[in-house]
Amino acid sequence: MKIIITEDQLKRVLLKEENNTLYKVKELDIESSGFDHYEGKIILEPGENKKITISVRTFIDKPILFNIVKVSPLITDFKTVNTGKQSAVIRPNGFLDFEFTAPKTKTGTFTAGFTFSYQIVGSSTQVTKSINIPFYREGLEEKLNACKKNMSWKDYYDAREWWEKWLLHPSTKDRFAKTFGYDSKKVEEIFEDYIKKMGQITIQYVDSNKPNPGWARPAFSQIFINCRLGQPSVLTWIHEIGHILDDVHKFTPDSGIYNFNFLISHYKQETIERVSITSAEESELKKKIISYGFSESQAGYILGNYKRMLNTDIVHLHAKTELVSQLFEVRFELGLKPNEKITVQKLIEKYRPLSSIINTFLSQWLYTGKSLYEFLNYNNSIAMNKSTDTNRNLA
Ligand SMILES: [Zn+2]
């Protein structure tokens with residue numbers, strides 16, 4: 001006798017190892033589509049209207065009367081695929097498929113199921129069983145919990161340790177004292193506050209369509225992690241901790257090389273979000289970048305980043321707190337010790353076209369309109385407001 005089976009039936013036979021079995025006895029088994037047997041549940045996407053197929057297969061040379069007795073109130077459309085009814089006779093060694101929609105609005109872990117009975121035709125025994133199918137759908141709360149659970153605390157603590165080292169280094173305190181004209185007692189007090197503030201940091205988890213992996217609310221010592229963008233990097237932590245600490249006492253004096261009159265007259269659009277530059281300005285800037293030893297292609301990437309930031313993220317080009325946080329990201333990226341300076345050579349060596357750290361720093365430089373040496377001197381030697389005095393190196 002030739003047995004003809006459909007492709008779907010064949011697949012079911014072949015994929016038997018997949019193990020979607022919900023119930024199994026000698027004469028029949030019941031499987032569910034979408035059942036993840038590693039997780040032991042059906043995983044649903046947020047908002048997904050997932051169709052679940054329940055397949056009954058019989059292994060006996062007699063027909064079986066199969067009947068759905070009761071369905072969980074969470075399921076409203078449980079029916080056989082072929083007839084739309086809740087009961088049917090399954091032919092010998094046959095199949096019967098039911099279908100329903102997974103509960104749409106439930107999130108987290110929940111179960112939904114049904115009670116069925118079956119009877120081999122000609123037998124007086126009726127078997128009744130209930131099956132509860134575990135589901136899991138990630139809702140906002142679950143997403144944020146998972147984000148918290150999967151957080152790599154190593155990166156966070158590495159960033160804190162890096163800051164601690166910098167804060168506790170005598171040369172840092174020394175330059176800080178000279179920058180602001182404080183005696184050592186006052187400096188000690190402020191630096192104790194820095195360390196204390198770092199200990200008060202709490203992490204908040206949010207799901208946001210902002211392009212930022214994180215942000216800070218310094219007054220409340222809070223760092224917000226944008227779970228939609230995944231794990232924050234150690235540099236993100238360095239950056240955000242910088243914002244928090246900056247709130248205790250500024251790291252840089254108020255005056256500096258940022259000539260905003262220059263910027264206003266140059267771009268004429270300082271107050272709006274978007275700024276663009278002409279192609280003539282662009283080729284001038286490219287020449288300028290190359291003149292410091294960057295390659296033509298590096299200059300292209302740096303300019304590309306600069307134009308993107310002018311267009312979409314002007315805040316990070318001039319907000320003082322952003323400049324400070326970026327400076328520390330660059331120092332971390334370059335692996336500098338507290339008493340080492342950022343040099344053009346180090347920037348060129350460590351430059352990577354697709355990494356935003358040095359790109360952002362160099363874009364901040366381009367935004368000042370100053371020479372790269374002036375910019376580095378400003379960042380390297382904020383002490384005493386002497387931009388040419390690189391001996392007192394706060395950064
Ligand atoms: Zn920032």
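What you see below is based on every heavy atom in this structure, not just the backbone, and it leaves out hydrogens, waters and symmetry mates. Every number for a ligand or one of its atoms is a count from 1 in the order of the listing.
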**OP:** State whether Phe59 and Lys24 meet the cation-pi test: NZ (Lys) or CZ (Arg) under 6.0 Å from the six-membered ring centroid, and within 45° of the perpendicular axis.
**Re:** yes

Original post:
Shared ILVMFWY cluster between Ile201 and Ile195, side chains joined below 4.5 angstrom?
Top reply: yes

Original post:
Any idea how Tyr194 and Phe191 line up, ring-wise: parallel (<30°), tilted (30 to 60°), or perpendicular (>60°)?
Top reply: perpendicular

Original post:
Does a side-chain heavy-atom distance below 4.5 Å link Phe116 with Phe98?
Top reply: no

**OP:** Could you tell me whether the Zn ion (ligand 1) has an N, O or S atom of Glu240 under 2.8 Å away?
**Re:** no

**OP:** Could you check which N/O/S atom of Glu322 is closest to the Zn ion (ligand 1)?
**Re:** OE1

Original post:
Angle subtended at the Zn ion (ligand 1) by NE2 of His243 and NE2 of His239, to 10 degrees?
Top reply: 90°

